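To start, the structure itself, in structure tokens.
Each chain gets a letter, A, B and so on, in the order its sequence line appears, and its residues count up from 1. Given the structure is predicted, the values throughout are model-derived calculations rather than measurements.
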2 protein chains.
Amino acid sequence: MTESARGARDAEAVSRFVESFAAQLVEAGMQRMPARVFAALLSSDEGSMTSAELGEQLRISPAAVSGAVRYLAQTHMVSREREPGSRRERYRVHGNQWYEALTNREAVIKRWEGALREGVTSLGADTPAGRRMAETLAFFEFIEAEIVEMMERWRVHREKTFGPE
Amino acid sequence: MTESARGARDAEAVSRFVESFAAQLVEAGMQRMPARVFAALLSSDEGSMTSAELGEQLRISPAAVSGAVRYLAQTHMVSREREPGSRRERYRVHGNQWYEALTNREAVIKRWEGALREGVTSLGADTPAGRRMAETLAFFEFIEAEIVEMMERWRVHREKTFGPE
DNA sequence: CCTTAACTTCACAAATTTCTGAAGGAAGCG
DNA sequence: CGCTTCCTTCAGAAATTTGTGAAGTTAAGG
């Protein structure tokens with residue numbers, strides 16, 4: 001077993017994975033920099049990196065790191081930590097935050113629901129279009145409730161499979 | 001009750017709703033034109049419109065309609081119909097296509113899973129990062145199975161509430 | 001306090017995306 | 001069969017987004 005395959009991680013292999021995973025996230029609608037930063041954090045052994053480490057691995061400016069991290073923190077995909085007695089910040093992914101972030105889709109769904117409610121009203125609940133809106137709205141309300149339960153089931157399943165956090 | 005509030009739809013109210021709902025879709029990551037076209041179809045009484053009608057309501061060129069519709073058809077949000085004995089095409093939303101489209105998220109999830117599997121391999125299943133990948137992968141596999149069941153439950157729920165299609 | 005390291009904000013240049021007009025087909029209709 | 005209508009494709013202009021360098025801000029450490 002070579003040194004690079006055991007101790008020090010194969011930087012190139014890591015980078016390849018980071019970029020290919022980030023590309024998938026981008027294709028699903030995520031902005032490029034947040035996607036790359038998130039992928040890098042996800043594939044770090046500690047699950048966390050400093051701003052400088054991120055900038056170096058991804059070859060991007062501190063400004064780009066800053067912007068990406070702000071977005072990720074806002075959407076709860078990543079949390080910021082201050083290293084005590086240092087002015088370095090560490091950005092971390094928790095296993096849990098993955099599904100917290102998914103649950104945050106709720107915020108989006110809520111806004112859709114709001115818009116649909118207005119639609120039902122302004123198109124008229126007794127028109128064909130209004131009825132279609134109402135049904136769509138019902139669908140989202142259904143989904144919303146289901147997601148909550150689904151996450152609860154995942155929490156149980158996860159604990160059984162991977163043990164308590 | 002004025003004529004416009006009863007018979008002919010209030011074009012301005014419809015337009016306001018279309019634009020505001022489309023804006024929500026855009027914010028969730030959808031391209032602008034597909035979002036506007038989809039919203040317009042959703043709020044039409046027939047659930048379908050011709051290319052010309054879409055162009056007129058949204059004030060966009062035939063080319064833009066064409067591009068938007070191609071995207072929506074690819075993602076199964078809208079189906080194309082040919083009016084028999086005419087060269088006009090109608091684009092239609094089915095109530096069902098909403099959740100067919102959601103189910104199509106499966107394709108995205110599948111690609112993520114592929115990328116994560118590669119990640120587990122290339123980072124090493126016995127490394128902390130590799131284990132995190134494996135857990136993330138397990139999460140998506142869980143979600144994928146759940147979505148299938150969820151859609152089945154919706155189909156039942158929908159039929160009870162709104163009657164058979 | 002002053003220095004300096006680390007992050008953030010901002011204005012701008014570059015790259016990308018988006019939409020249009022124009023040209024190019026396909027398919028009904030006479 | 002040719003004419004006409006409708007849709008699509010394509011090249012390019014316009015708008016938007018993205019990432020950078022530089023200046024600004026905050027807080028640790030002497």
>> Nearest whole Å is fine: how far is C:dT16 C1' from B:Q31 CD?
In response: 13 Å
List every contact pair, protein side and nucleotides 10-17 of chain D side both N or O, where the distance is under 3.5 Å.
none

> Should the heavy atoms of other residues, nucleotides or ligands under 6.0 Å from CZ of B:R105 be counted, would the total exceed 12?
Replying inline: no
>> Can you pull out the residues from residues 67-87 of chain A that lie within a 4.0 Å heavy-atom distance of DNA chain D?
In response: A:G85, A:R87
> Rounded to the Å, how far apart are B:E89 CD and C:dG28 P?
Replying inline: 11 Å
> What is the distance from CG of A:L54 to P of D:dG19, rounded to the nearest Å?
Replying inline: 14 Å
>> Students often get this wrong, so: under 4.0 angstrom with heavy atoms, is A:S51 touching a base, only sugar-phosphate, or nothing?
In response: sugar-phosphate
> Can you name the closest pair of heavy atoms from B:G130 and B:T127 and give their distance?
Replying inline: N-OG1, 2.9 Å
>> Quick one about B:T50 and B:R88 (side-chain donor to acceptor, distance below 3.5 Å, no hydrogens or angles considered), yes or no?
In response: no
> Going through the distances and angles, do B:L41 and B:R92 end up as a side-chain contact (heavy atoms from CB on, under 4.5 Å)?
Replying inline: CA-CA 7 Å; B:L41 289 170; B:R92 153 161 279 121; over 6 Å; no
>> Go nucleotide by nucleotide along DNA chain D from the 5' end; which of B:T50 and A:S61 gets its closest nucleotide reached first?
In response: B:T50
> Between D:dT8, C:dC19, C:dC7, which nucleotide has the shortest distance from any of its atoms to the side chain of B:M33?
Replying inline: C:dC19
> For the pair made of CD1 in B:I60 and P in D:dT8, what is the distance, rounded to whole Å?
Replying inline: 13 Å
> In whole angstrom, what separates B:R88's CZ from D:dT4's P?
Replying inline: 17 Å
> When the ring planes of A:W154 and A:H157 are compared, do they come out parallel, tilted or perpendicular, using 30° and 60° as the limits?
Replying inline: tilted
> Would B:S51 and B:E89 count as a side-chain contact (heavy atoms from CB on, under 4.5 Å) if you check the C-alpha gap in whole Å, the side-chain angles of each, and the deciding distance to 0.1 Å?
Replying inline: CA-CA 7 Å; B:S51 182; B:E89 206 137 26; 5.9 Å; no
> So does B:E12 pair up with B:R16, basic N to acidic O under 4.0 Å?
Replying inline: yes
> Rounded to the nearest 0.5 Å, how far apart are CZ of B:F21 and OG1 of A:T136?
Replying inline: 7.0 Å
>> Is there a side-chain contact (heavy atoms from CB on, under 4.5 Å) between A:L137 and A:W112? Walk through the geometry before answering.
In response: CA-CA 8 Å; A:L137 176 57; A:W112 288 8; over 6 Å; no
